[in-house]
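Please read the structure below before turning to the comments.
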Amino acid sequence: VPPLGGQHEEYLVLALQGYKNQMRDHDTMHAQAADLTDQEMRDLAAFFASQGDVKQSEPAAGSSPGKDKVAVCTACHGATGISPAGTWPTLAGQHKDYLVHAISQYQNGQRQDPVMAGLVTQLTEQDIKDIAAFYAAQSGLFTVKYTN
């Protein structure tokens, strides 16, 4: 389950629409999104987006093989994984395993996006792991904790 706190509102709406239309592969999310209205999607997205203020920062200290491999990602996702555009997700702080899974889904067609499909075709399994580790190590998204 990805951390959503601080994610772009516009991107979250697009993601929910993708699950509702089954353009993204995840049975539980298909069921969750199936009956959501457009307004409910916007409300959910606004809630998660408002839970944090994810800001650009310098890349986390230390050497990482992924740091040299993320060049293909930076135009849409930013140098440290914080996307400058609301339609592209922030990757900074995302779980490594989630990123590996998502990128692999773009490679095998389970997630459909013409931009991503073209960019990930040449990535090796190790490239994907390195890129995911780099973005996971950055400061960014967080898990929203719900309290009554």
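Along the sequence shown, residues carry numbers from 1. As the structure is a prediction and not an experimental result, all values here were calculated from the model.
- Rounded to the nearest 0.5 angstrom, Tyr135 OH and Ile82 CD1 are separated by 10.5 Å.
- For the 3.5 Å distance criterion, the side chains of Thr90 and His8 qualify, holding a donor opposite an acceptor.
- In this structure, CG on Leu123 lies 13.0 Å from OH on Tyr106, to the nearest 0.5 angstrom.
- Remark: side-chain polar atoms of His77 are paired, donor with acceptor, to backbone N or O of Pro89 under 3.5 angstrom.
- Without hydrogens or angle criteria, Ser83 side chain to Trp88 main chain gives a donor-acceptor distance under 3.5 Å.
- When side chains are defined from C-beta on, Phe47 counts as touching Val144, because their heavy atoms get closer than 4.5 Å.
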Checklist entry - Between Met41 and Lys20, does a side-chain contact (heavy atoms from CB on, under 4.5 Å) hold up when you go through it step by step? => result CA-CA 10 Å; Met41 288 183 199; Lys20 183 173 184 168; 3.4 Å; yes

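- Proximity of a side-chain donor or acceptor of Asp130 to a complementary backbone N or O of Asp127 within less than 3.5 Å is not detected.
- Partner Ile128 forms a side-chain contact (heavy atoms from CB on, under 4.5 Å) with one of Val120, Leu99, Ile103 and no other, that one being Ile103.
- At distances below 3.5 Å, not a single donor-acceptor pair connects side-chain atoms of Lys129 with backbone N or O atoms of Val100.
- In this structure, the side chain of Glu40 engages the main chain of Thr37 through a donor-acceptor pair within 3.5 Å.
- The shortest heavy-atom contact between Val115 and Asp113 is N-OD1, 3.0 Å.
- Val13 and Leu44 end up in different hydrophobic clusters when Ile, Leu, Val, Met, Phe, Trp and Tyr side chains are linked at under 4.5 Å.
- Scanning both residues, Thr80 and Gln138, for their nearest heavy atoms gives O-CG, 3.4 Å.
- Residues Cys76 and Pro84 approach most closely at O-CD, 3.6 Å, considering heavy atoms.
- Rounded to the nearest 0.5 angstrom, Ser104 OG and Glu125 CD are separated by 7.0 Å.
- More than 12 heavy atoms of other residues, nucleotides or ligands shown are found within 6.0 angstrom of CG on Asn108.
- The two residues Ser139 and Ala92 have their closest heavy-atom pair at O-CB, 3.4 Å.
- Under a cut-off of 6.0 angstrom, the local environment of CD in Gln39 is crowded, with over 12 non-hydrogen atoms contributed by other residues, nucleotides or ligands.
- From Gln17, atom CD reaches atom CG of Leu12 across 11.0 Å, with rounding to the nearest 0.5 Å.
- From Gln32, atom CD reaches atom OH of Tyr19 across 11.5 Å, with rounding to the nearest 0.5 Å.
- Listed for the Glu10 side chain is no donor-acceptor partner under 3.5 Å among the backbone atoms of Ala45.
- When all heavy atoms of Ala132 and Lys96 are compared, the pair lying nearest together is CB-O, 3.6 Å.
- More than 12 heavy atoms of other residues, nucleotides or ligands sit less than 6.0 Å from atom CD of Gln126.
- In this structure, SG on Cys73 lies 7.0 Å from CE on Met116, to the nearest 0.5 angstrom.
- Between Glu9 and Arg42, the shortest heavy-atom contact is OE2-O, 4.0 Å.
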